[in-house]
Amino acid sequence: MRRIWAIAGVEFNINSPKQLGEVLFDKLGLPVIRRTKTGRSTDEDVLTKLAASHELPAEVLAWRSLAKLKNTYLDVLPTLVNPETGRVHTSFNQTVTATGRLSSSDPNLQNIPVRTELGRRIRESFTAAPGKILVSADYSQIELRIMAHLSGDAELCDSFRRGEDIHARTAALMFGGEAAAVTGEQRRAAKAINFGIIYGMGAYGLSQQLSIDQKQAKEFIERYFERYPGVRVWLDRTIEEARRAGYVETLLGRRRYLPEIASTNRSVAQFAERMAINTPVQGTAADMIKQAMLAIDRELEKEKGTDSFSPRKNRSVPFSQPLMVLQIHDELLFEVPEGEADRLVAMVREKMEGVMRLSVPVKVDVGRGANWAEAH
DNA sequence: CCCTTCACG
DNA sequence: ACGTACGTGAAGGGT
């Protein structure tokens, strides 16, 4: 804080985008990259660009990331430990999202940090009880597999059936050569495109994501559709059907109504078109993991009764029985007695991979450890 | 209470 | 010319 104030030459509230804007844009004369509804944006993307011309933006970014972790997680989570159970309990909301996902609140345990080293140290504080371990089981590239299934694109389906690294394969198809020979840079670009397709991105969005010009981004997208023509057909048909019916559906028939797709305001209609593309993919993944959770719960209940997992019945506080403790969209987290982990992993794998049959394999990655960071 | 920002999938 | 990748929840600022 003192360093930031010294560089700025003025004491101000770093947490106020308004005051920060006055320092960056008025006092220091740095360029305004983007506007918000109410003023000049100072978000991460903007500060990263400004960091090329002044030392202050990088300091503010560092401050922000530390403040976020401290204020949202470090200072709060310890106060939320229930004295009866010794655990932090969240609420899972079943009727909040538009796609069929769960959401988590009070506290949100679906956004615990993981992407930075310091973030992972916060995640380490979620631990298993003595004698138990945490098992994390997450669907591998589930949304791309679902898009392969929904679109039936031959190339995409074959790639998954051959068990290939899908981002490397996409890079090879787009930039030439063998999948084994793609550079890190090419794979990164292919990954951004694979994700972008699921979100209904345009050339502008991709150009921003990859720091390339819009013309080149447009060429990338066209090239993608040349290689995966079935995907383009599916996207077009899905939007067309949404316009006709006024809604889209997941594989299990969950509907999202999109009346705005008929809007004469083009940006409003295009927003609805992106929802029409993303919802069947994200929503089908939500259908799948919910079905898996039910199948796993039934199995755990059954094992509890027949003592395959637990030798004792009717314990009010189950000790030796595996517990499903969290769902994070494509991941399930279990707390399990050490000696029963192998059996649990085999059962969870089978249920998660087999609960909905797709035309491509469904793959689940499993990790285990004394804490959530280790298991993940 | 809304806005901006940023944590996650 | 315009706005521009999906879905969430929480914190702090400012009104």
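Keep in mind that this is a model prediction, so the values were computed, not measured. Throughout, a chain's letter reflects where its sequence line sits, starting with A, and its residues are numbered from 1.
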*In which stems does DNA chain C show up, taking only runs of three or more Watson-Crick or G-U wobble pairs whose two distances fall under 3.5 Å?*
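Consecutive-pair runs (3 or more) involving DNA chain C: B:1-9 with C:6-14.
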
*dC3(B) to dT4(C) separation - P atoms, rounded to the nearest Å*: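 Roughly 15 Å separates the two P atoms.
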
Reckon [X] touches a base, only the sugar-phosphate, or nothing at all at heavy-atom distances under 4.0 Å?
X         : value
Gln19(A)  : sugar-phosphate
Asn108(A) : sugar-phosphate
Ile328(A) : sugar-phosphate
Glu143(A) : nothing
Arg35(A)  : nothing
Ala285(A) : nothing

Per the atom types in the model, does the base of [N] pair as donor or acceptor with the side chain of [X] at under 3.5 Å?
X         : N      : answer
Gln282(A) : dC6(C) : yes
Gln208(A) : dA5(C) : no
Lys68(A)  : dC6(B) : yes

*Could you go step by step and tell me if Arg64(A) and Glu44(A) meet the salt bridge (Lys or Arg N to Asp or Glu O under 4.0 Å) rule?*
CA-CA 9 Å; Arg64(A) 284 231 182 112; Glu44(A) 183 175 355; over 6 Å; no

*asked:* Between Ser91(A) and Asn93(A), is there a side-chain donor-acceptor contact under 3.5 Å, judged purely by atom types and distance?
replied: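 No pair is found: no donor N or O on one side chain lies under 3.5 Å from an acceptor on the other.
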
*Charged N to carboxylate O below 4.0 Å: is that the case for Lys351(A) and Asp297(A)?*
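No, no charged N to carboxylate O under 4.0 Å.
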
